[in-house]
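Below you'll find the structure, written out as structure tokens, and then a few comments.
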Amino acid sequence: MKNKLFAVDVGATGTKAAIVDVKKGKLLTERVKYPTPEKSGPEDIARLIKQLMLDLDYQGTSMGIGFPSIIQHGVCKSAVNVSERFIGLNLEEYFTAETGCQTFCVNDADAAGLAELQFGAVKKAKGTVLLLTLGTGIGSALFRDGVLVPNTEFGSLHYKDGITEHYAANSARKRKEQSWEVWGNELNDVLQYFERIVSPDLIILGGGVSKKLENYQAYLHTDAKLIPAQHLNEAGVIGAGLYARQKMKKL
Ligand code: BGC
């Protein structure tokens with residue numbers, strides 16, 4: 001079935017996969033997850049993906065991968081939370097050769113955004129929409145009238161003595177053992193910084209911590225309407241499948 005695709009969400013700490021119905025935006029299998037070894041290189045990720053294909057007994061010939069880097073025309077262009085050995089590598093060619101399955105790669109936050117806009121609470125949202133994933137890093141997906149502007153990487157914008165994700169990712173809250181109030185205020189500053197750049201109409205917060213929005217929503221004062229992602233942890237996997245399907249249609 002052409003709408004049934006194997007899809008992977010490679011994260012800095014965990015790599016998840018499922019077989020996805022990309023037409024309905026639903027998982028057709030359980031979501032299998034393995035820890036991503038720290039600073040994993042291409043061989044480590046290829047090994048994980050092959051294991052996930054075996055676990056899910058995937059017999060199809062194409063797959064989608066969401067990857068935590070700038071991905072331009074299949075080539076990895078940044079490595080904040082993955083090995084620098086990925087930089088310059090054509091991930092689509094590499095994983096296709098490794099797995100024998102035609103592979104399409106997209107930035108992980110862009111994948112999550114595609115899934116949310118297609119199947120989430122704000123289906124086909126118009127205007128400027130910014131989806132942020134708050135996890136180990138900060139991922140960003142920017143849409144204008146439903147069209148993705150890929151690889152915005154707002155988590156890597158210069159901020160204070162570093163970059164925004166070093167202060168406002170969920171990992172920063174945990175590492176610094178911050179209260180919801182302290183972290184919420186920092187996140188508020190970062191969201192207002194993003195607002196000054198793109199003036200979004202809507203901000204969608206994703207990542208595991210968006211499930212606990214009630215703990216820090218009181219500290220967030222954005223001009224844009226702010227809502228949690230609906231697909232939460234599944235959006236990355238669903239969106240990777242969706243991206244692959246979109247690319248296949250254009251071949
Ligand atoms: C990476 C982004 C990614 C985000 C979320 C950041 O460290 O630079 O490409 O989208 O983490 O995984």
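Atoms within a ligand are numbered from 1 in the order they appear, just like the ligands themselves. Quick caveat, the model's predicted, so the values are computed rather than measured.
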| field | Distance-only side-chain donor-acceptor flag, D55 / Y34, under 3.5 Å | value | yes
| Hey, do the aromatic rings of F86 and F67 have their centres closer than 6.0 Å? | yes
Extract all N/O-N/O pairs under 3.5 Å that connect ligand 1 to the protein, and present each with both atom names and the distance rounded to 0.1 Å.
{"from": "ligand 1", "atom 1": "7 (O)", "to": "N81", "atom 2": "ND2", "distance (Å)": "3.0"}
{"from": "ligand 1", "atom 1": "7 (O)", "to": "E165", "atom 2": "OE1", "distance (Å)": "3.0"}
{"from": "ligand 1", "atom 1": "7 (O)", "to": "E165", "atom 2": "OE2", "distance (Å)": "3.0"}
{"from": "ligand 1", "atom 1": "8 (O)", "to": "E153", "atom 2": "OE1", "distance (Å)": "2.8"}
{"from": "ligand 1", "atom 1": "9 (O)", "to": "P68", "atom 2": "O", "distance (Å)": "3.3"}
{"from": "ligand 1", "atom 1": "9 (O)", "to": "S69", "atom 2": "N", "distance (Å)": "3.2"}
{"from": "ligand 1", "atom 1": "9 (O)", "to": "N107", "atom 2": "ND2", "distance (Å)": "3.1"}
{"from": "ligand 1", "atom 1": "9 (O)", "to": "E153", "atom 2": "OE1", "distance (Å)": "3.4"}
{"from": "ligand 1", "atom 1": "9 (O)", "to": "E153", "atom 2": "OE2", "distance (Å)": "2.4"}
{"from": "ligand 1", "atom 1": "10 (O)", "to": "N107", "atom 2": "ND2", "distance (Å)": "3.3"}
{"from": "ligand 1", "atom 1": "10 (O)", "to": "D108", "atom 2": "OD1", "distance (Å)": "2.5"}
{"from": "ligand 1", "atom 1": "12 (O)", "to": "D108", "atom 2": "OD2", "distance (Å)": "2.6"}

| task | For E43, enumerate each residue passing the side chain to side chain contact (heavy atoms under 4.5 Å, CB included) test, keeping only those at least two apart in sequence or located in another chain. | result | R47, R85, Y94
| query | Can any side-chain N or O of S40 pair as donor or acceptor with the backbone N or O of T36 at less than 3.5 Å? | reply | no
| Is the ring centre of F194 less than 6.0 Å from the ring centre of F154? | yes
| remark: One should read off an interatomic distance between L89 CG and E84 CD, to the nearest 0.5 angstrom, of 14.0 Å
